There are 2 protein chains.
Amino acid sequence: MSELSERKKLILSAVVEQYIKTGEPIGSKELLALTGMSVSSATVRNEMSELSAMGYLEQPHTSAGRVPSQKGYRYYVDNLMKDREIDELNRRMIEAGISSAAGDPERLIAQAGEVLAELTKCACISTAPGGDAVIIRKIELVPVGIHSAMLVLLTSNGILKSRLCRLDCELTVKILEEFYNIVDSCIIGKPASDISVVSMQTAAASVDSDPFAMLPLMAAVCELARSMEDSRIILGGSSNLFSHKDYGVGAIELFEFLNKREPLSAVISGIKEPLDVIIGKENLYRQLENSSVIVAKYSVGGRDSGSIGLIGPTRMDYESIIPSVKYLTDIVGRMITQAIEE
Amino acid sequence: MSELSERKKLILSAVVEQYIKTGEPIGSKELLALTGMSVSSATVRNEMSELSAMGYLEQPHTSAGRVPSQKGYRYYVDNLMKDREIDELNRRMIEAGISSAAGDPERLIAQAGEVLAELTKCACISTAPGGDAVIIRKIELVPVGIHSAMLVLLTSNGILKSRLCRLDCELTVKILEEFYNIVDSCIIGKPASDISVVSMQTAAASVDSDPFAMLPLMAAVCELARSMEDSRIILGGSSNLFSHKDYGVGAIELFEFLNKREPLSAVISGIKEPLDVIIGKENLYRQLENSSVIVAKYSVGGRDSGSIGLIGPTRMDYESIIPSVKYLTDIVGRMITQAIEE
DNA sequence: ATTAGCACTCTTGCTTTTTGAGTGCTAAAA
DNA sequence: TTTTAGCACTCAAAAAGCAAGAGTGCTAAT
């Protein structure tokens with residue numbers, strides 16, 4: 001597939017990089033100045049013309065310069081781009097930005113997304129650590145009033161959710177006791193995905209005293225367990241999208257698409273490589289056809305646990321962003337591993 | 001100040017209402033058709049001309065109809081607008097929208113804001129219940145690993161915050177015990193605003209064993225107490241602003257302004273009336289000069305506890321939105337009161 | 001105090017012109 | 001065969017011009 005002549009590679013690469021920098025189509029003269037090649041502009045024009053025919057470049061209209069096509073970006077990312085280390089500056093920013101949230105995995109991921117988004121002027125979607133085997137570690141029921149209590153649920157990946165719930169009857173010591181019995185026998189140590197409405201109902205029914213007292217509590221447990229799954233997706237810095245004139249008013253549509261949340265998990269999950277770049281129309285969703293997505297997985301304790309994805313215009317600075325994403329997933333993985341395993 | 005003739009009032013009122021409806025400037029003929037007055041268009045023109053001179057109306061350009069000026073809106077809101085009940089439909093929507101979050105004050109406010117924003121196509125900023133006298137009701141420290149524990153803090157207004165924290169040494173029973181001692185004696189029952197870094201440090205120093213073990217925990221308590229204050233502001237439905245063509249591209253700037261969060265508390269606090277309308281340039285911030293803000297306070301157990309504010313274009317439907325806001329603050333206040341006091 | 005009539009002003013939408021960057025092609029040169 | 005100079009051609013974007021229409025403000029009559 002790498003059948004391009006060296007000169008073509010040089011030209012393609014220059015077009016991509018310059019276009020990323022300026023956003024303007026590149027003409028033959030400009031290109032000449034840029035690369036410092038010692039041929040005439042006519043020669044360059046011929047080469048560009050061929051690159052167009054091959055599908056790597058395209059022109060907005062007949063009398064304009066060239067811009068990279070989707071295929072052009074792809075070739076650039078796969079073959080031409082240098083594999084840089086992360087900028088010193090970016091590294092510092094990332095470290096400074098996330099250090100404050102070091103101990104708390106959920107906050108850490110949220111913070112990391114925020115920092116990365118700010119740094120790259122992209123939107124960031126990420127998943128809190130989790131994966132297949134989230135098990136419930138601990139449940140506490142803290143009485144708040146006579147009829148209400150705060151239910152707190154803690155999972156093996158260090159995520160905590162809470163919810164205030166109201167009882168129909170008074171919250172007696174007996175009820176508390178029975179609640180903890182059920183919890184200890186049927187919930188603790190189980191995967192969160194196993195907690196279903198029916199399993200909770202049968203558990204509640206097995207209780208000595210009034211089982212109806214237990215129901216609202218069990219329902220709340222279910223709801224929390226469920227929300228563990230749902231709320232894993234975190235969106236950060238989505239308003240950065242407005243700063244790119246590439247999108248124009250389309251930014252609004254994209255913004256609203258991202259804010260729907262539901263489709264996002266499909267966007268960043270289901271990659272096989274540790275880092276993947278999806279360019280333009282390669283995306284599943286029409287709404288992303290002018291965007292590129294860079295996703296990387298992070299792993300906790302040696303196993304894949306979540307991923308962090310960046311969304312920005314196709315014309316994004318791949319060469320500098322990719323190392324940042326790589327670095328971030330790396331460090332975040334290490335930090336969470338450290339926080340959880342003692 | 002109510003020195004306008006009846007006819008002028010009728011005209012001003014019609015201009016405001018029609019402009020709110022269509023967004024187009026109103027000409028003399030259209031106005032005539034609208035009000036059904038039995039005079040000629042020339043007369044109406046004279047009246048409009050006077051209203052312009054008085055500052056209640058203005059024209060985008062010489063040959064266009066009139067639109068309300070800021071002063072015009074102000075007069076309309078203060079004197080002309082009918083004091084309606086909330087629409088049956090809106091009431092239903094609100095009730096349906098917030099019922100699911102009934103038990104949990106923080107979620108309730110967030111949800112209420114979301115619903116109100118959706119209903120009115122405005123952005124909604126609100127403050128979670130709190131006010132001066134938030135006291136700390138309960139603190140739990142749930143061990144997670146040997147070196148880390150989840151700190152959970154619950155306040156009198158039903159808000160719960162949690163944070164995972166790491167210790168430098170092992171988390172022994174002794175440390176737990178001493179921690180709870182400090183908590184019981186120095187923290188529980190105190191207002192959150194009293195929890196300062198120094199008071200925590202002295203508390204930690206008073207402990208038998210290694211006081212350094214306690215420090216990270218105390219720091220975390222501080223941080224949580226502080227975050228009670230900071231995170232009270234909730235922003236909802238801000239992307240609705242994009243649906244108003246009034247803002248044009250200015251919507252982006254406004255959106256970014258709102259997303260900064262910091263200035264928002266100044267926007268919705270500091271009102272004296274139970275419900276206040278701030279129109280256009282009356283706002284403190286330049287970024288809001290084309291917006292109006294409707295703020296209402298809600299009270300929990302008889303005392304002011306927080307507020308809910310709507311932000312939309314100056315050309316918003318005051319007459320129908322105001323009753324909705326009034327109703328929502330009312331019902332939210334009642335619900336939280338019920339949830340907290342048993 | 002109203003009203004009819006009319007001249008005047010400006011936006012809006014449309015078409016036309018101009019300009020300039022950039023190409024593609026051809027024919028000559030290397 | 002590859003490169004280059006030269007030139008005609010294309011097309012978007014900016015500028016300029018034009019016609020229509022809505023709406024006003026003023027004046028003089030009612």
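Naming: A, B, ... by sequence-line order, numbering from 1 per chain. Here the structure is a predicted model, which is why all the values come from computation and not from measurement.
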Without decimals, in angstroms, what is the distance between I11(A) CD1 and dT23(C) C1'?
15 Å
Do the charged groups of K121(B) and D317(B) touch, with an N to O distance under 4.0 Å?
no
From CG of L51(B) over to P of dT24(D), roughly how many Å is that when rounded to an integer?
13 Å
So which pairs with a foot in residues 17-26 of chain A pass salt bridge (charged side-chain N to carboxylate O under 4.0 Å, His left out), sequence neighbours left out?
none
Check D78(B) with R74(B), please: is the shortest side-chain N to carboxylate O separation under 4.0 Å?
yes
Could you list the residues that satisfy ring-ring contact (aromatic ring centres under 6.0 Å, His included) with F255(B), not counting sequence neighbours?
F242(A), F255(A), F242(B)
Residue pairs meeting salt bridge (charged side-chain N to carboxylate O under 4.0 Å, His left out), one or both in residues 265-276 of chain B, sequence neighbours left out, come to none
Rounded to 10°, the helix from dA1(C)-dT30(D) to dA30(C)-dT1(D) deviates from straight, judged by its five-pair end axes, by 20°
Among residues at least two apart in sequence or on other chains, which ones pass side chain to side chain donor-acceptor pair (under 3.5 Å) with S269(B)?
none
Distance-minimising heavy-atom pair for E118(A) and N240(A)
N-ND2, 3.8 Å
For atom CZ of R66(B) and atom P of dG23(D), their distance in whole Å
12 Å
Close N or O pairs between protein and nucleotides 27-30 of chain D (under 3.5 Å):
none

So which nucleotide from dT4(D), dT2(C), dG24(C) ends up closest to the side chain of T43(A)?
dT4(D)
Side-chain N or O of R45(B) versus OP1/OP2 of dT2(C): is the shortest distance under 4.0 Å?
no
Would you mind listing every salt bridge (charged side-chain N to carboxylate O under 4.0 Å, His left out) that reaches into residues 44-69 of chain A, with sequence neighbours excluded?
R7(A)-E47(A), K8(A)-E47(A), K8(A)-E50(A)
Can you name the residues that form a side chain to side chain donor-acceptor pair (under 3.5 Å) with Q287(B), not counting sequence neighbours?
none
Using a strict heavy-atom distance below 4.0 Å, which residues from residues 20-40 of chain B are in contact with DNA chain D?
G27(B), S28(B)
d(CD, E58(B); P, dT24(D)) in whole Å:
15 Å
We want to know whether N90(B) and S324(B) form a side-chain donor-acceptor pair, criterion being a heavy-atom distance below 3.5 angstrom.
yes
Sorted by chain and residue number, the side chain to side chain donor-acceptor pair (under 3.5 Å) partners of R315(A) (sequence neighbours excluded) come out as D246(A)
State whether R7(A) places a side-chain N or O below 4.0 Å from either non-bridging phosphate oxygen (OP1 or OP2) of dT2(D).
no
I'd like a list of close polar pairs between nucleotides 10-13 of chain C and the protein, N/O only, cut-off under 3.5 Å.
unit_1  : atom_1 : unit_2 : atom_2 : d
dC10(C) : O5'    : T62(B) : OG1    : 3.4
dC10(C) : O4'    : S63(B) : OG     : 3.3
dC10(C) : O2     : S63(B) : OG     : 2.8

Closest nucleotide of DNA chain D for A64(B) versus for E47(A): which of these residues is on the 5' side?
E47(A)
Check the phosphate of dA21(C) against Q59(A), side-chain N and O only, distance under 4.0 Å to OP1 or OP2. Yes or no?
no
Please collect all salt bridge (charged side-chain N to carboxylate O under 4.0 Å, His left out) contacts where either partner lies in residues 252-268 of chain B, sequence neighbours excluded, each pair once.
E253(B)-R286(B)
Hey, can you tell me if Y75(B) and Y56(B) have their rings parallel, tilted or perpendicular (30° and 60° cut-offs)?
perpendicular
I'd like to check T127(B) versus I234(B) (side-chain heavy atoms, cut-off strictly below 4.5 Å). Are they in contact?
no
